[in-house]
Amino acid sequence: MTVSSHNMQVNDFGIDHAHWRNWVGNQSCVRAARGAPQSEDELCAMIAAATGKGLNVRVAGSGHSFTPVALTSGLHLTLSGMKGVRHVDHEKRRVTAAAGTTINELVKVLKAEGLSMLNQGDIDSQAIAGAFTTGTHGTGGALPVLADCIVGMKLVQPDGSILVVDETTPDLLLAGRVSLGTLGAISEMTLQVTDSYRLKERIWREDFESAMEMHDELAEKHRHFSFFWCPYEESRHCYCLPDTSATSKTGRTSDVCEMKVMDITDEAPFEGEFEKVAYSSDVYPIEYIPNFHELEYAVPRQHGKDAVRAVRKIMLEQFPEAIFPIEYRFTADDEAWMSPFHRQDSVTVSVSGEPGKDYWDYLRAVDKILRGYGARPHWGKLHFLTGEDVDAIYPHAQDFRTLRRKLDPQGFYLNDHLSQLFR
């Protein structure tokens, strides 16, 4: 078991054991074979040997997805032995890194090289290949999904050969950016980054209606704006959110929003109680403990306030036991075929169920509301999509499936969950 700099435990995959589970324990599988390759050549050989025996193949990433995306009864791979930045192109501001490199490992190198990621989410312990290709995002109305920065990758095909994807293969690149490991096992990725920058973060508390009144202004004024709506006083503790009660104008502790804005700044680094300035990737992450099972949908931006109002209403009136906060963020549109933000500026609305409790009626009620606004789910978080739903909300769904079948006609890189969506 390893621990990130932000205290989130990461499953070490128990490579010597047949049984595997994800980081929060809501998904598990019994693997026929396990592999921890130390090189691209080893990865290719393992995959070719497995498919030669008729075994399906999945790469587990950091095990951070709440869905069954990483599960298999065939060959289960961890790329934790394939890490590190392999090349830095300062002129183009691009880096090439092994697929098992975690975000926090990547950004340490970027910081030393005078570079930064364009944007980042609020957890930094995921492997870059798994995080990016499931649609992980940060917040920022003008900033797209993290996968938008992928400008190249190597995909290991079922026979062990390597398919090189870059800007000379535009369809493959747009399909591969958010592909959930269904087009091949990624051995390395080339990412567009930018010059190093610092962020100034400010946090404070607002009543819900006050937050809605300033919603549009904050989204336009700041590079990053997000909030957690906390229905009850104890909600803040579910996500280890800092105590901002001193910033409240009313003294309310329930039905409040924990607000955050971040902007690029030239100010010198400092840290106060409700403000700080630091290197970009030292500001983005926050501390989480694995005590939640999350659903998150991308809602067209114009419906964001209506959607969060509707979810808030059912939480207060129909599901008072749902105490985890709503997280609300912004993401710009992009062109990746299976991105939740494909050609759709969005806000993301996420809710969580408590492990050990029956939260399915609650999550289905949230799903029904958000579907009504044309929302698309984060692929690594709980959702209720079927293959028919995918066809209805993704214009390139059939293009993606056609390409997937061409690369992997026998479906070696699928599992039961993915077959329902993409076979």
Side-chain angles (χ1 to χ4, degrees), residues 6-8 24 26 64 66 121-123 136-139 201-212 214-215 218-219 224-248 250-262 274 284-299 304-331 346-357 359 362-363 365-367 369-370 375 377-378 380-383:
H6 295 87
N7 300 323
M8 192 192 82
V24 294
N26 73 313
H64 191 265
F66 297 90
D122 52 16
I123 295 177
T136 296
H137 60 95
T139 190
E201 175 192 86
R202 181 167 68 93
I203 59 173
W204 75 99
R205 181 174 294 178
E206 292 283 351
D207 296 351
F208 179 78
E209 290 301 337
S210 297
M212 291 298 97
M214 59 181 69
H215 174 285
L218 292 174
H224 310 272
F225 163 50
S226 62
F227 64 82
F228 288 92
W229 173 71
C230 296
Y232 309 109
E233 185 171 2
E234 64 265 36
S235 299
R236 176 176 62 84
H237 300 288
C238 295
Y239 285 158
C240 305
L241 301 177
D243 184 0
T244 59
S245 56
T247 66
S248 172
T250 65
R252 289 183 62 105
T253 58
S254 60
D255 196 16
V256 295
C257 293
E258 302 292 345
M259 311 282 279
K260 180 188 290 188
V261 294
M262 299 183 290
F274 305 115
Y284 286 122
I286 64 176
E287 180 179 327
Y288 283 101
I289 56 176
N291 66 339
F292 61 99
H293 298 164
E294 187 176 8
L295 171 149
E296 181 180 69
Y297 283 26
V299 178
K305 286 185 286 186
D306 289 340
V308 75
R309 283 186 183 280
V311 175
R312 167 179 171 265
K313 180 178 173 64
I314 67 161
M315 288 176 68
L316 292 175
E317 296 179 2
Q318 299 178 38
F319 299 98
E321 72 280 6
I323 65 171
F324 279 83
I326 295 175
E327 186 176 18
Y328 187 97
R329 294 180 284 175
F330 292 79
T331 301
S346 303
V347 298
T348 56
V349 177
S350 81
V351 301
S352 292
E354 185 175 353
K357 293 190 176 179
Y359 46 67
Y362 164 54
L363 294 188
V366 174
D367 167 82
I369 288 171
L370 300 183
H378 185 308
K381 299 182 182 181
L382 297 173
H383 63 81

| task | With side-chain contact (heavy atoms from CB on, under 4.5 Å) as the test, would you mind laying out the steps for Val261 and Met259 before giving the verdict? | result | CA-CA 7 Å; Val261 294; Met259 311 282 279; over 6 Å; no

| message | Working note: Tyr359 + Phe319, criterion ring pair (Phe, Tyr, Trp, His ring centres under 6.0 Å); need CA distance, chi angles, decisive distance, verdict. | response | CA-CA 9 Å; Tyr359 46 67; Phe319 299 98; over 10 Å; no

| task | Run the numbers on Thr348 and His137 for side-chain contact (heavy atoms from CB on, under 4.5 Å), then give the verdict. | result | CA-CA 9 Å; Thr348 56; His137 60 95; 3.2 Å; yes

| task | Take Lys260 and Asp122 through the test side-chain contact (heavy atoms from CB on, under 4.5 Å) and record every step on the way to the result. | result | CA-CA 12 Å; Lys260 180 188 290 188; Asp122 52 16; 5.9 Å; no

| query | Could you go step by step and tell me if Arg312 and Asp255 meet the side-chain contact (heavy atoms from CB on, under 4.5 Å) rule? | reply | CA-CA 9 Å; Arg312 167 179 171 265; Asp255 196 16; 2.8 Å; yes

| task | Run the numbers on His64 and Tyr288 for ring pair (Phe, Tyr, Trp, His ring centres under 6.0 Å), then give the verdict. | result | CA-CA 12 Å; His64 191 265; Tyr288 283 101; 8.3 Å; no

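Contact detail for Phe324 and Pro231: the closest heavy-atom pair is O-CD, 4.3 Å. Shortest non-hydrogen contact noted between Gly138 and Thr331 is O-OG1, 3.7 Å. Among all heavy-atom pairs drawn from Leu363 and Leu295, the shortest one is O-CD1, 4.0 Å. The shortest non-hydrogen separation linking Ser350 to Glu294 is OG-OE2, 3.0 Å.
Between Ile203 and Pro242 there is a side-chain heavy-atom pair separated by less than 4.5 Å. Between Phe228 and Ser235 the shortest side-chain heavy-atom distance does not fall below 4.5 Å. Two residues are said to be in side-chain contact when any heavy atoms from C-beta on lie closer than 4.5 Å; Met212 and Val308 meet this criterion. In this structure, the side chains of His224 and Glu201 stay at 4.5 Å or more apart for every pair of heavy atoms. Inter-residue side-chain proximity for Ser245 and Arg205 is flagged as met; some heavy-atom pair is nearer than 4.5 Å. A heavy-atom distance below 4.5 Å is found between the side chains of Leu382 and Asn26. Counting heavy atoms from C-beta on, the side chains of Met315 and Tyr362 come closer than 4.5 Å. Proximity of Pro325 to Trp229: side-chain heavy atoms (C-beta onward) are nowhere separated by under 4.5 Å.
With hydrogens and angles disregarded, a donor-acceptor distance shorter than 3.5 Å links the side chain of Thr139 to the backbone of Phe225. A donor-acceptor pair under 3.5 Å links the side-chain atoms of Arg236 to the main chain of Leu241, judged by distance alone. Under a 3.5 Å cut-off, the side chain of His293 and the backbone N or O of Gly353 do not form any donor-acceptor pair. Asn291 contributes a side-chain N or O that, together with a main-chain N or O of Cys238, makes up a donor-acceptor pair within less than 3.5 Å.
The aromatic rings of Phe66 and Phe292 lie tilted to each other, with the angle between the two planes from 30° to 60°. The aromatic rings of Tyr328 and Phe227 sit parallel, their planes meeting at an angle under 30°, below the 60° perpendicular limit.
A salt bridge does not link Arg252 with Glu206: every distance from a Lys NZ or Arg NE/NH1/NH2 to an Asp or Glu carboxylate oxygen is 4.0 Å or more.
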